[in-house]
Amino acid sequence: MRTQAPGYYRMMLGDFEVTALSDGTVPQTVREIATHTTPEQVTALLARDYLQDPVETSINAFLINTGRSLVLVDTGVGNLFGPDVGGRLVQSLRAAGYQPEQIDVVLLTHIHSDHSGGLMTGTSRAFPNAVLRVHAREAEYWLSPENLANAGDARSYFEQARAMVGPYQDARKLKTFGDRDFLLPGIRAVPTPGHTPGHSIYVVESRGQRLVLWGDLMHFGPVQLREPSVTVSYDVDSRAAAAQRARMFSEAAGRGDLVGLDHMPFPGLGRLAADGRGYRWVPANYTSAQRWQD
């Protein structure tokens with residue numbers, strides 16, 4: 001069976017090299033997941049982009065080479081969704097010219113399985129030399145024995161979180177941060193709780209250029225760009241998630257920020273422009289980087 005080539009896309013942000021990495025895609029039936037809407041409305045919005053359920057949804061991650069550190073933002077799903085769904089992050093990383101052992105820091109936007117599932121390869125840490133960083137509220141929520149015991153139907157989320165993050169914690173490689181903590185030169189976290197209690201976005205800045213990595217502030221572009229109030233069934237606090245999305249959409253469109261999204265079609269880089277009561281996605285202009293220099 002023929003497969004897609006490993007997915008990576010490189011760009012420069014000031015002095016920083018940013019590489020979007022594809023972990024593959026996952027088919028999702030949006031009308032069954034989207035909330036604060038109707039199946040009919042979802043179907044109509046998807047059709048405007050010539051899409052129909054189930055939609056192949058990208059799983060993206062982003063590698064930042066600051067010149068001093070290699071920083072990976074999110075890790076894809078690993079093998080948690082089964083064969084032939086995601087699980088291609090390390091392949092894409094190696095194709096881009098890097099090895100997992102070179103990663104210095106892994107930043108998680110949050111600990112859902114399609115963002116933390118690539119932390120482990122079997123029983124080994126996939127990034128053995130990396131420090132894992134996540135907001136303290138996120139770690140406290142997902143690693144809490146009490147929350148696990150009371151999780152009910154959501155128990156698998158907590159079990160997967162413990163299986164992926166626990167080995168880093170045991171190796172003293174887990175380092176949480178608070179709302180105003182310093183992370184790395186040129187990279188700072190902005191807490192955006194809602195989708196999960198410690199969901200955070202990352203602002204990357206170099207030489208006056210700015211990229212904001214949004215994690216799961218948005219899941220389904222054709223729907224949520226036009227109707228930002230639409231939420232998803234796995235939001236921990238859907239009202240707060242919708243409020244964060246509305247705030248960040250407005251800010252990004254007003255500033256003209258370049259944004260990176262884990263679930264927009266690969267490479268997930270672009271800008272938002274106001275479009276009536278919603279927004280329009282403007283993909284980053286492609287460059288073949290034929291003049292690339294090491």
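The figures here come from the full heavy-atom set of this structure, side chains too, leaving out hydrogens, waters and symmetry mates. What you see is a predicted model; the values in this text were computed from it and never measured.
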Quiz item: Run the side-chain contact (heavy atoms from CB on, under 4.5 Å) check on V71 and V131 step by step: do they pass?
Solution: CA-CA 10 Å; V71 182; V131 173; over 6 Å; no
Self-check item: Pair V165-W142, side-chain contact (heavy atoms from CB on, under 4.5 Å): steps then yes or no
Solution: CA-CA 9 Å; V165 176; W142 294 109; over 6 Å; no
Quiz item: Apart from V282 itself, what residues make up its hydrophobic cluster when side-chain heavy atoms of I, L, V, M, F, W and Y under 4.5 Å apart count as a link, directly or indirectly?
Solution: none
Self-check item: Same apolar cluster: V212 and V18, side chain cutoff 4.5 Å
Solution: no
Quiz item: Can R137 and D179 be counted as an ion pair, charged N to O under 4.0 angstrom?
Solution: yes
Quiz item: Any salt bridge between E40 and R31, counting N to O under 4.0 Å?
Solution: no
Exercise. Examine W214 together with F62 and report whether their ring centres are nearer than 6.0 Å.
Key: no
Quiz item: Any sub-3.5 Å donor-acceptor pair from S238's side-chain atoms to T231's backbone N or O?
Solution: no
Quiz item: Are the charged groups of R88 and D23 less than 4.0 angstrom apart, N to O?
Solution: no
Quiz item: Cation-pi between R125 and Y168: NZ/CZ under 6.0 Å from ring centre and within 45° of the ring axis?
Solution: yes
Quiz item: Ring centroid separation for Y9 and Y286, is it under 6.0 angstrom?
Solution: yes
Practice problem: Check whether any side-chain N or O of R245 sits under 3.5 Å from a backbone N or O of P228 as a donor-acceptor pair, and report yes or no. | Solution: yes
Quiz prompt | Whether S58 side chain and F266 backbone form a donor-acceptor pair below 3.5 Å | solution = yes
Quiz item: Other than V90, which residues form its hydrophobic cluster under the rule that side-chain heavy atoms must be closer than 4.5 Å?
Solution: none
Self-check item: Nearest-0.5 Å distance that lies between atom CE in M248 and atom CG in L272
Solution: 10.5 Å
Quiz item: So do the side chains of H110 and P193 get within less than 4.5 Å of each other, counting heavy atoms only?
Solution: no
Quiz item: Between CD1 of I103 and OG of S69, what distance do you get to the nearest 0.5 Å?
Solution: 10.5 Å
Practice problem: Without swapping roles, check the side chain of R10 against the backbone of T19 for a donor-acceptor pair under 3.5 Å. | Solution: no
Quiz item: Taking side chain as C-beta onward, heavy atoms only, is V55 less than 4.5 Å from Q28?
Solution: no
Exercise. Any chance you could measure I64, atom CD1, to D104, atom CG, to the nearest 0.5 Å?
Key: 12.0 Å
Quiz item: Hey, does the side chain of T121 reach the backbone of A126 with a donor-acceptor pair shorter than 3.5 angstrom?
Solution: no
Quiz item: Hey, would you say the H219 and H195 ring centroids sit under 6.0 Å apart?
Solution: yes
Quiz item: Quick one: CG on L213 to CD1 on I201, what's the gap to the nearest 0.5 Å?
Solution: 9.0 Å
Exercise. Please determine if R271 and E251 form a salt bridge, counting it only when a charged side-chain N lies under 4.0 Å from a carboxylate O.
Key: no
Exercise. Verify the distance criterion only: is there a donor paired with an acceptor across the side chains of H199 and T192 at less than 3.5 Å?
Key: yes
Quiz item: Any sub-3.5 Å donor-acceptor pair from N129's side-chain atoms to E101's backbone N or O?
Solution: yes
Quiz item: Linking I/L/V/M/F/W/Y whenever any side-chain heavy atoms sit under 4.5 Å apart, do Y202 and L13 land together?
Solution: yes
Quiz item: Rounded to the nearest 0.5 Å, how far apart are CG of L63 and CG of L72?
Solution: 6.0 Å
Practice problem: With rounding to the nearest 0.5 Å, note down the distance linking CG in L51 to OG1 in T57. | Solution: 9.0 Å
Quiz item: Do Q52 and T43 have side-chain atoms, one donor and one acceptor, less than 3.5 Å apart?
Solution: no
Exercise. Show your reasoning for whether side-chain contact (heavy atoms from CB on, under 4.5 Å) applies to V232 and V30.
Key: CA-CA 9 Å; V232 294; V30 183; over 6 Å; no
Self-check item: T287 side chain reached by M11 side chain, heavy atoms, under 4.5 Å
Solution: no
Quiz item: Any link between L107 and L258 through a network of hydrophobic side chains (Ile, Leu, Val, Met, Phe, Trp, Tyr) touching at under 4.5 Å?
Solution: yes
Quiz prompt | Sole residue of D49, D275, L261 in side chain to side chain contact (heavy atoms under 4.5 Å, CB included) with W281 | solution = L261
Exercise. Please check if any side-chain donor atom of S22 sits under 3.5 Å from a side-chain acceptor atom of S92, or the reverse.
Key: no
Quiz item: Same hydrophobic cluster for L132 and Y141, using side-chain heavy-atom links shorter than 4.5 Å among ILVMFWY?
Solution: yes
Quiz prompt | Whether N60 side chain and M264 backbone form a donor-acceptor pair below 3.5 Å | solution = yes
Exercise. For the pair D74 (side chain) and T109 (backbone), establish whether a donor and an acceptor sit closer than 3.5 Å, ignoring hydrogens and angles.
Key: yes
Quiz item: Does I111 offer a backbone N or O that forms a donor-acceptor pair with the side chain of E138 under 3.5 Å?
Solution: yes
Quiz item: Do S200 side-chain atoms and H135 backbone N/O form a donor-acceptor pair below 3.5 Å?
Solution: no
Practice problem: Could you label the plane-to-plane angle of the H112 and Y157 rings as parallel, tilted or perpendicular, counting under 30° as parallel and over 60° as perpendicular? | Solution: tilted
